[in-house]
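Below is a structure I'd like to ask you about.
Here is how names work: the chains are called A, B, and so on, in the same order as the sequence lines, proteins then strands, and each is numbered from 1.
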Amino acid sequence: MPELPEVETIRRDLEKKIAGQKIKDIEILATKSVHNKSAEFLKVLVGNNFSHIERRGKLLMFALDKTGKFGFLLIHLKMTGQLIYRHKKQLLAGGHSQSAMDTNVPNKFTRVIFTFSDGSQLFFNDMRRFGYLKLVSTEEKEKIVKNNFGIEPLTPDYTFEAFEKLFKKRQTNVKALILNQKLISGIGNIYADEACFDAGILPFRKASTLTKAELEKLYHKIAHVLKLAIKNRGTTFNNYVDSDGRTGSHVNFLNVYGRDGEKCKHCKSIILKVKHAGRGTHYCSKCQK
DNA sequence: GTGTTTGTTATCAA
DNA sequence: CTTGATAACAAACA
């Protein structure tokens with residue numbers, strides 16, 4: 001479940017590896033994963049290269065060096081998408097694999113393979129096929145960013161004033177609000193639960209009932225947990241690995257997510273888990289009010 | 001066979 | 001128009 005910290009980790013690492021590298025070949029193993037016609041996808045990308053990689057929320061945007069009809073390749077990993085990069089030497093050493101947790105590539109969940117002119121390869125794996133690759137024009141990319149993404153945490157746009165405004169008249173609950181990408185981008189189920197715990201706020205609270213002090217705490221804790229998770233190179237709970245196929249270590253720092261039945265690290269109460277708005281929601285009834 | 005997992009969109013209601 | 005709530009999708013695993 002890659003969220004902002006995981007996607008940002010991939011973005012930073014991958015940009016160093018592939019920026020400016022010429023794409024020599026592309027193999028589409030699952031046409032469903034590519035939201036363009038295969039022939040057009042290949043025609044635009046083979047011989048081209050990515051100049052840099054941008055990110056908005058959980059969406060990666062690979063900037064094309066040669067722009068024509070298309071300026072960007074959008075890649076969304078959704079729940080089980082992976083982007084794994086291998087040098088030629090690593091490829092020769094590796095074998096085939098059939099397991100989702102085994103990051104030998106290619107494996108049965110490999111959907112697209114990019115081959116660069118130095119022989120290195122980038123594998124898009126996606127067990128559940130929710131993720132996608134899509135070529136868009138620069139105008140289309142800007143429109144998508146504008147229409148679908150709210151305040152981006154860890155940027156100057158993330159001000160307390162803008163954050164507070166989101167909560168003022170909203171009747172929805174805190175968790176649904178911070179999960180809404182159109183309001184704040186990049187937070188998923190793990191960091192929503194973690195941020196609520198860190199701020200001492202129950203995720204079920206009505207947004208408009210939060211006091212200024214609570215809002216300030218939540219505002220700071222969201223930024224804090226995202227930054228810390230990036231430092232730890234993401235949370236590997238099920239499927240996430242970085243562009244080297246390595247797991248992130250932030251799972252060891254989680255306070256509530258996946259810890260139902262275990263003791264709260266702060267007060268020793270048992271962490272509870274309920275289904276809320278169709279999502280698993282973890283919390284401590286003593287630490288969160 | 002059943003329940004569980006979640007990012008996002010579709011759909012419907014108010 | 002906006003807001004909110006819920007179902008649906010996909011696929012593997014315990």
Side-chain angles (χ1 to χ4, degrees), chain A residues 1-8 10-11 29-35 55-61 74-83 97-103 107-112 124-134 136 143-150 152-153 165-196 203-209 226 229 234-241 248 250-251 254 256-261 272-283:
Chain A
M1 299 151 278
E3 304 179 27
L4 188 155
E6 292 76 32
V7 178
E8 178 61 15
I10 291 171
R11 189 199 68 76
L29 301 165
T31 51
K32 183 184 181 296
S33 299
V34 175
H35 289 193
R55 177 189 59 75
R56 195 67 209 277
K58 305 164 195 168
L59 179 66
L60 287 166
M61 305 175 286
L74 308 185
I75 300 186
H76 203 302
L77 302 172
K78 291 285 181 86
M79 292 184 59
T80 58
Q82 302 174 327
L83 281 169
S97 163
Q98 296 298 306
S99 157
M101 282 305 287
D102 188 331
T103 50
N107 60 40
K108 70 178 195 180
F109 303 120
T110 301
R111 311 301 181 196
V112 182
F124 174 73
N125 297 340
D126 188 18
M127 182 176 82
R128 287 168 63 177
R129 302 177 194 240
F130 266 24
Y132 63 84
L133 291 75
K134 185 183 188 181
V136 295
K143 200 169 130 190
I144 287 168
V145 167
K146 182 170 166 282
N147 293 339
N148 297 288
F149 297 93
E152 180 71 32
K165 209 172 164 184
L166 299 177
F167 288 73
K168 280 291 180 216
K169 288 180 181 173
R170 284 233 152 64
Q171 293 310 302
T172 192
N173 58 76
V174 173
K175 181 163 175 180
L177 192 157
I178 63 177
L179 280 175
N180 187 337
Q181 304 299 301
K182 290 186 168 135
L183 303 179
I184 309 172
S185 49
I187 300 170
N189 208 34
I190 296 174
Y191 299 109
D193 282 0
E194 292 299 313
C196 285
F204 325 109
R205 288 271 301 281
K206 286 269 170 282
S208 57
T209 68
L226 294 176
T235 300
T236 299
F237 200 80
N238 290 322
N239 193 257
Y240 169 73
V241 289
H250 192 75
V251 67
L254 296 178
V256 285
Y257 185 89
R259 295 195 67 249
D260 42 303
L272 304 176
K273 178 182 180 183
V274 296
K275 197 122 184 168
H276 182 242
R279 294 289 173 261
T281 297
H282 313 71
Y283 65 102

Requested in this report: Quickly work out the A:D193 CG to B:dT5 P distance and round it to whole Å.
Outcome: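 In whole Å, B:dT5 P lies 11 Å from A:D193 CG.
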Query raised in the report: Rounding to a whole Å, what distance do you find between A:L74:CG and B:dG7:C1'?
Result: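 Spelled out: CG on A:L74 to C1' on B:dG7 is 16 Å.
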Query - Whole-Å distance separating the CE atom of A:M127 from the C1' atom of C:dA11 - result: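 Rounding to the nearest Å, CE of A:M127 and C1' of C:dA11 are 6 Å apart.
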Query raised in the report: Do any N or O atoms from the side chain of A:R55 and from the backbone of A:G57 form a donor-acceptor pair under 3.5 angstrom?
Result: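 Yes, because the side chain of A:R55 sits within donor-acceptor range (under 3.5 Å) of the backbone of A:G57.
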Report task. Rounded to the nearest 0.5 Å, what's the gap from NZ on A:K206 to CZ on A:R170? Could you check? Result ->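 Nearest 0.5 Å value for the NZ-CZ distance: 13.0 Å.
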Query raised in the report: Separation of A:K58 atom NZ from B:dT6 atom P, in whole Å?
Result: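 In whole Å, B:dT6 P lies 11 Å from A:K58 NZ.
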Query raised in the report: Who pairs with A:D193 by salt bridge (Lys or Arg N to Asp or Glu O under 4.0 Å), at least two apart in sequence or on another chain?
Result: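 Residues passing salt bridge (Lys or Arg N to Asp or Glu O under 4.0 Å) with A:D193: A:K175.
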Requested in this report: Classify the ring geometry between A:Y283 and A:F204 as parallel (under 30°), tilted (30 to 60°) or perpendicular (over 60°).
Outcome: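 Because their plane-to-plane angle is over 60°, the rings of A:Y283 and A:F204 count as perpendicular.
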Requested in this report: Could you tell me the separation between the CG atom of A:N180 and the P atom of B:dG7, rounded to a whole number of Å?
Outcome: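 Taking atom P of B:dG7 as the reference, CG of A:N180 is at 13 Å.
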Report task. Using a 4.0 Å heavy-atom cut-off across all strands, classify A:G280 as base, sugar-phosphate, or nothing. Result ->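 A:G280: backbone/sugar contact only, no base atoms under 4.0 Å.
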Query - d(CZ, A:R128; P, B:dT6) in whole Å - result: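 Nearest whole value for this atom pair: 9 Å.
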**Report entry** Residues in salt bridge (Lys or Arg N to Asp or Glu O under 4.0 Å) contact with A:R129, at least two apart in sequence or another chain
**Finding:**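 Per chain and number, A:R129 pairs via salt bridge (Lys or Arg N to Asp or Glu O under 4.0 Å) with no residue.
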Query raised in the report: Taking only residues two or more places apart in sequence or in another chain, which ones pass salt bridge (Lys or Arg N to Asp or Glu O under 4.0 Å) with A:R11?
Result: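 Per chain and number, A:R11 pairs via salt bridge (Lys or Arg N to Asp or Glu O under 4.0 Å) with A:E8, A:E15.
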Query raised in the report: Is the number of heavy atoms from other residues, nucleotides or ligands under 6.0 Å of A:K134 NZ greater than 12?
Result: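 12 or below, so no.
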Requested in this report: Mind calculating the distance between NZ (A:K175) and P (B:dG7) to the nearest angstrom?
Outcome: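 Atom NZ in A:K175 sits about 9 Å away from atom P in B:dG7.
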Report summary line: Reading nucleotides 1-7 of chain C from 5' to 3' and marking B where a protein heavy atom lies under 4.0 Å of the base, S where only the sugar-phosphate is that close, and - otherwise, the string is --SSS--
Query raised in the report: Once you round it to whole Å, what is the distance between C1' of C:dA11 and CG of A:D126?
Result: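 For the pair A:D126 CG and C:dA11 C1', the rounded distance is 10 Å.
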Query - For A:Y257, ring-ring contact (aromatic ring centres under 6.0 Å, His included) partners two or more places apart - result: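 Here the qualifying residues are A:F237, A:H282.
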Query - Where protein sits on nucleotides 9-14 of chain B, one letter per nucleotide: B base, S sugar-phosphate only, - none, heavy atoms under 4.0 Å - result: ------
